[in-house]
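First the proteins, then the strands, lettered A, B, ... as listed; each starts at 1.
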Protein chains: 2
Amino acid sequence: MSRTAATRERLFTAAIELIAERGFATTTVDQIAERAGVAKGTVYYNFGSKAALFSALLEYGIERFAQTLREAADGREPMAALEAVVGAELRFIGEHESFARLLIAEAWRSRGDWQYAAQLIRERAIGVIGDVLRAAVAGGRLRPDLDVDMAASAVFGMVLTVALDWRTLQPDRDVTEVHATLMDLLRGRLVT
Amino acid sequence: MSRTAATRERLFTAAIELIAERGFATTTVDQIAERAGVAKGTVYYNFGSKAALFSALLEYGIERFAQTLREAADGREPMAALEAVVGAELRFIGEHESFARLLIAEAWRSRGDWQYAAQLIRERAIGVIGDVLRAAVAGGRLRPDLDVDMAASAVFGMVLTVALDWRTLQPDRDVTEVHATLMDLLRGRLVT
DNA sequence: AAATTTGTACTGACCGGTCAGTTTAAAGAG
DNA sequence: CTCTTTAAACTGACCGGTCAGTACAAATTT
């Protein structure tokens, strides 16, 4: 990894943590530079502005998120793929809790400079779930009249909410338990 | 309604809209005052600080949210109550979209002054769903080993995400359709 | 019933701190 | 020699909070 890439990585990590804790607007560039162990000028040398840093960070994070989900689905039968994708989302959030909080906080605004973030998540991350559901419908495993896009966003939001509650309230609980409950819910195994 | 109550109401409305659009930190007190049609000093006369205004607004909104859900559940059989609560959450978000966006954006921070907001939502709003699910389990309509708290937060998050997507992407679509899809999902009617 | 006082709600110019972004000169790395 | 980073000082716009003063209606006094 080049020196530049390493510097950027450290700035990303520092910025994600701080912004998740305090929000974009109340996080100062001085704080980001300090936590990254870098001079303030370096931030501007590498990114040009606070907003540009955040923008790059969002795209980078969402791309990695979507990539993780895609790999989980790859090569699996539809219903197994859904299970794997839910597990991957859960694990990703567990490992990148700060990023998840940042996403949820900045992505669902009505105006502002980051509503494109919501669009990005929809296209990339939720899109993967949609593809899996579409395959399941095509394979006759799910109702043919299913509103795939709505269901995808429902699954994504459900997992996101539960994952954040899990990390907040019972961080020691095992992922597999959370995963199992979620899958039971999705498979309609709750109703007796 | 007293003059004071009217002024506070207008400040609430203005603040909710602006904060949902731009976030708490980037919304200025001058903007709130201007949109409410009062002087800046009036904000401080009535609430003491920007944070106190936001705090009052959160409690007010969450209480009304929870109240709506509670009334929907009241007097209904468990599964009918669940259906009614989901419908009520959907309708509340449709009617108070700004407030919902504000909630999702500010309530899931890790630190900061509003993590108590997440706690408030959990205790009040999600709590109602939890009570309904508990009743359903007690009545033998849902699996006895169901993790009620996790399921409640899953339902809440799922509805919240879908509702916001609905308002953003297809605002003209009828609530009942969205509601039906959501209930099918919850009842496990998707798997063939 | 006119004059005065009191309490409450509101006003908006102003102050002081904060912070994004700039500048500069010099040092380290590939 | 060029690219990257550093450290520190500086600028200027912006914004939360303050406060002396206004508006006005109800109570109290004369």
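When rounded to the nearest whole Å, the span between CG of D30(A) and P of dT6(D) equals 14 Å. In this structure, Y44(A) places its OH atom 15 Å from C1' of dA8(D), rounding to the nearest Å. Spacing between atom CD of E34(A) and atom C1' of dA7(D) amounts to 14 Å, rounded to whole angstrom units.
Side-chain contact check for R101(B) and T168(B): at least one donor-acceptor pair (N or O, by modelled atom type) lies under 3.5 Å. D174(A) and T176(A) share a donor-acceptor pair across their side chains, judged by distance under 3.5 Å alone. E123(B) and Q119(B) share a side-chain donor-acceptor pair at under 3.5 Å.
For DNA chain C, the span of nucleotides reached by chain A at under 4.0 Å from its heavy atoms goes, 5' to 3', from dC19(C) to dA29(C).
Applying the 4.0 Å criterion to OP1 and OP2 of dT4(D), one finds that Y45(A) has a side-chain N or O inside that range.
Residue-level contact check: T28(B) touches the backbone only, with heavy atoms under 4.0 Å from sugar-phosphate atoms and none from bases. Within the nucleic acid shown, K50(B) comes within 4.0 Å of sugar-phosphate atoms alone, with no base atom in reach, counting heavy atoms only. Here T27(B) lies in heavy-atom contact (under 4.0 Å) with sugar-phosphate atoms only.
Sequence order on DNA chain C of the closest nucleotides to S49(A) and R3(A) puts S49(A) first from the 5' end.
Atoms CG and CE, on L186(B) and M158(A) in that order, are 9.0 Å from each other to the nearest 0.5 Å.
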Discussion item. Let's go through V137(B) and D145(B) carefully: what are the C-alpha distance in whole Å and the side-chain angles of both, what is the deciding distance for side-chain contact (heavy atoms from CB on, under 4.5 Å) to 0.1 Å, and is it a yes or a no?
Written reply: CA-CA 8 Å; V137(B) 169; D145(B) 63 330; over 6 Å; no
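With hydrogens and angles disregarded, no donor-acceptor distance shorter than 3.5 Å links the side chain of T42(A) to the backbone of V38(A).
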